[in-house]
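Below is one structure, written out as structure tokens; comments come after it.
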Protein chains: 2
Amino acid sequence: MSRGTVSRVINDEPYVSAEARTAIEAAIEKVGYVPNNAARSLVMQRSQAVGFIVHEPHSLFLDDPNIGGILLGANTVLSRADYQMVSLVIDSQRDTDRVARYLSGGFVDGVIIVSARHEDPMIRVVQRLALPAAFVGHPPDLRQLPFVGIDNRASARAITERLMATGRKRIGMIAAALDRDSGADRLAGFTDALGPRFDPALVARVPLYTYSDGADGMRALLERDPGIDGVFAASDAVAAGALEALRDAGRSVPGDVGIVGFDDSSWALRTQPHLSTVHQPAFGLGAAAAECVLGQLRGEAQPVGGILLDTPIVWRNSA
Amino acid sequence: MSRGTVSRVINDEPYVSAEARTAIEAAIEKVGYVPNNAARSLVMQRSQAVGFIVHEPHSLFLDDPNIGGILLGANTVLSRADYQMVSLVIDSQRDTDRVARYLSGGFVDGVIIVSARHEDPMIRVVQRLALPAAFVGHPPDLRQLPFVGIDNRASARAITERLMATGRKRIGMIAAALDRDSGADRLAGFTDALGPRFDPALVARVPLYTYSDGADGMRALLERDPGIDGVFAASDAVAAGALEALRDAGRSVPGDVGIVGFDDSSWALRTQPHLSTVHQPAFGLGAAAAECVLGQLRGEAQPVGGILLDTPIVWRNSA
DNA sequence: TTGAAAGCGCTAACAC
DNA sequence: GTGTTAGCGCTTTCAA
């Protein structure tokens, strides 16, 4: 049997006699033969793999429950299309360079990029290689590249309005990660909702979407206005931290103050009381990003400007 | 210039004149040339990549704070050695097969496997390929393959003894994940510590290391013996759930009952009071597993029987 | 329907 | 020091 025929069997191509096919299949089984992917991808110019790049500082990577959901969503879609998802974490400059080489080297046919930052070097790499890509989230300098995300501003506005509808008089916000568009947009949505009632003194700014920053922010708010009775926390983790500060200060929730979060992450059900929050469709984001990359791989045109997924409000007991 | 010389420049080999080197480097820069990794790994028989396989059910993957730490530890070590870590998540039978093909195909030079289960198909794949591997954790049917882990039994015994030393009279355990060696070993360590005082009625068995299972377990314990005054929870997440049940039942912690956890995960500082617990060196486990694989890649003999990392007790306020 | 041969882009051995 | 050449293991013409 020639290599050609064997190749045809492995790739399920026509023009192979039944007997040759069974004979070859038996032989493959017997020898335990496995095709060498490196050789195959060299000649076929594709690897049947899609990269999943996570670019997060340590603390967030460990904390952020969204990443896991996005990853699982992407993997589910890619798996169904018989693509291998390979996730690459970037944690240093050295990582950035190595990942850039990895992408350049033809090890992946496309790439999903999570939490890219402003001026992210990956954006340039992807553009230079003309690699099919989809971003999750929307770094501001992302020209023309497809992305999937949520409308942080409209969602923040919606949940703030819902909080206002409960009759709170002094509503503040713990705004986090203002250097990212998600953080800035959530603050903008909050401002939109409050309109003329907006009071900058009632916005505490903290660097990260973390529990401890949430506690810090809440303490700051309490100090500035002890009469505060409503809080929009920029994320559930932040809200959970705020809850701790509120408990320490002897305030009851939702009695004395109503609090709402953002993400509907596993945090939301771990707090006492459970959080009213904006549902972030993490799994759906990953799945949509994967579909987007697969579409490009099939040569389909992608919608320009990206796609935004729905973010229903989940109302529980914290407000 | 011939391909040979160019190759020598790219691989930083000697016997290239300074002028040729600079000329070629300039040309590379100018054309934006990037070497094709598939071709390179085909001829060199190595890919300079190490797989990181996570085999977890959804819920755990999203919840388990250890995985992130292990992943970061492994990535740090591999990155320093200029290896690309590619993580592959297994979430279905289809994934298992595809990952097996991926490994067989020469896309990785070695592999780190996290949370393999009993009879895990990956064990066979790795053995058949004679792929340098390191397991994190210790599935029971892991013959001769290297692993890194912790001594769950000794650690559980140590923290239980510490809890006993606080003078508690009726000590119970919320035992989780008894189908895994970690779960079974933690129960065994608890039994060891209690010795003749061990009372099977004070062990609540729950399926998973989760918050909600912890709450369920604690409720069961309270029902069986309202006078219980000490609890060893099989993980911090379980302990956090138990704390909720205790609060609902009007018991104070550590006043009425002392509780200890396991993992020293981010949960430990999110509860009120903070948890006394066993520190699980997640980052170190990932780093050690990576070192182990790199050692094999360098042809060094690995210690048989695996290596166990230290698990210091972190004593806080929950007991 | 099958075999033979070319070539994917690279490295390594050898000749110059 | 540098150019030349032979593969790495596969798919894919093209002939038979």
Side-chain angles (χ1 to χ4, degrees), chain A residues 1-49 82-84 98 100-110 128-131 297, chain B residues 1-49 82-84 98 100-110 125 128-131 297 299:
Chain A
M1 297 290 167
S2 79
R3 302 137 60 86
T5 311
V6 174
S7 175
R8 277 181 277 261
V9 170
I10 289 173
N11 295 316
D12 253 337
E13 276 167 22
Y15 303 117
V16 184
S17 66
E19 39 194 328
R21 173 153 282 154
T22 44
I24 289 171
E25 277 165 353
I28 285 176
E29 186 60 34
K30 181 146 161 277
V31 189
Y33 168 85
V34 280
N36 180 316
N37 269 326
R40 173 181 281 182
S41 68
L42 174 59
V43 56
M44 299 178 78
Q45 307 283 31
R46 49 184 191 65
S47 59
Q48 208 66 1
D82 248 307
Y83 272 83
Q84 177 62 51
R98 199 166 16 68
R101 284 206 306 279
Y102 189 86
L103 299 186
S104 310
F107 275 167
V108 295
D109 298 338
R128 185 164 52 73
L129 297 171
L131 200 60
L297 254 18
Chain B
M1 295 291 167
S2 78
R3 301 139 56 87
T5 310
V6 173
S7 175
R8 275 183 280 262
V9 170
I10 289 173
N11 295 314
D12 253 338
E13 277 168 23
Y15 303 117
V16 183
S17 67
E19 39 194 327
R21 173 154 283 152
T22 42
I24 289 172
E25 276 166 354
I28 287 177
E29 185 59 34
K30 180 145 160 278
V31 189
Y33 168 84
V34 280
N36 179 315
N37 269 326
R40 174 182 280 183
S41 69
L42 175 59
V43 57
M44 298 179 78
Q45 307 283 28
R46 53 190 187 65
S47 58
Q48 207 68 3
D82 249 305
Y83 272 83
Q84 177 62 52
R98 198 164 18 67
R101 285 206 306 279
Y102 189 86
L103 298 185
S104 312
F107 275 167
V108 296
D109 298 338
V125 172
R128 186 164 51 73
L129 297 170
L131 200 61
L297 254 17

Completion exercise
Quick note, A/V43 side chain, CB onward, closest among C/dA4, D/dT11, D/dT4 is D/dT11

Handout entry: Any B/Q45 side-chain N or O less than 4.0 Å from OP1/OP2 of D/dG9
Key = yes

Exercise for the section: Examine the base of C/dG3 for any acceptor or donor lying under 3.5 Å from a partner atom in the side chain of A/R8, and report the outcome as yes or no. Expected result: yes

Practice task
Rounded off to whole Å, could you give me the CE-to-C1' distance for the A/M44 and D/dG9 pair?
Solution key: 13 Å

Exercise for the section: Answer with base, sugar-phosphate or nothing: what part of the nucleic acid does B/N11 contact at a heavy-atom distance below 4.0 Å? Expected result: sugar-phosphate

Problem - For atom CG of B/N36 and atom P of C/dG7, their distance in whole Å - result: 18 Å

Please tabulate, for the side chains in residues 24-37 of chain A, all donor-acceptor contacts under 3.5 angstrom to protein atoms that are two or more places apart in sequence or on a different chain.
unit_1 : atom_1 : unit_2 : atom_2 : d
A/N36  : OD1    : A/A38  : N      : 2.6
A/N36  : OD1    : A/A39  : N      : 3.0

Problem - From A/Q84 atom CD to A/D109 atom CG, the distance as rounded to the nearest 0.5 Å - result: 12.0 Å

Completion exercise
In whole angstroms, the gap separating P of C/dT11 from CD of B/Q48 amounts to 12 Å

Practice task
Remember a base hit wins even if backbone is also touched, and classify A/P35 as base, sugar-phosphate or nothing at under 4.0 Å, heavy atoms.
Solution key: sugar-phosphate

Practice task
Check every strand shown and say whether B/E13 touches a base, only sugar-phosphate, or nothing at a heavy-atom separation below 4.0 Å.
Solution key: sugar-phosphate

Exercise for the section: Would you classify A/S7 as touching base, sugar-phosphate or nothing, given that sugar-phosphate means primed atoms plus P, OP1 and OP2, and contacts are heavy atoms under 4.0 Å? Expected result: base

Problem - Separation of B/S41 OG from A/F107 CZ (nearest 0.5 Å) - result: 4.0 Å

Practice task
Could you check how far CZ of B/F107 sits from C1' of D/dG9, rounded to whole Å?
Solution key: 13 Å

Handout entry: Which residue lies more 5' along DNA chain C, comparing B/L42 with B/T5 via nearest heavy atoms
Key = B/L42

Handout entry: Length of the line joining A/R40:CZ and D/dT12:P, which is rounded to integer Å
Key = 10 Å

Fill in the blank from the handout: In whole angstroms, the gap separating P of C/dG3 from CD1 of A/I24 amounts to 8 Å

Practice task
Starting at atom CZ of A/R46, determine the distance to atom C1' of D/dT11, rounded to an integer number of angstrom.
Solution key: 11 Å

Practice task
Quickly, which of A/T5, A/V9, A/N11, A/I10 forms a side-chain contact (heavy atoms from CB on, under 4.5 Å) with A/S7? Name it, please.
Solution key: A/N11

Practice task
Have a look at B/A20 and say if it touches a base, only the backbone sugar-phosphate, or nothing, with a 4.0 Å heavy-atom cut-off.
Solution key: sugar-phosphate

Completion exercise
Of B/S17 and A/A39, the one whose closest nucleotide on DNA chain D sits nearer the 5' end is B/S17

Problem - Enclosure of B/E19 CD (heavy-atom neighbours >12, cutoff 6.0 Å) - result: no

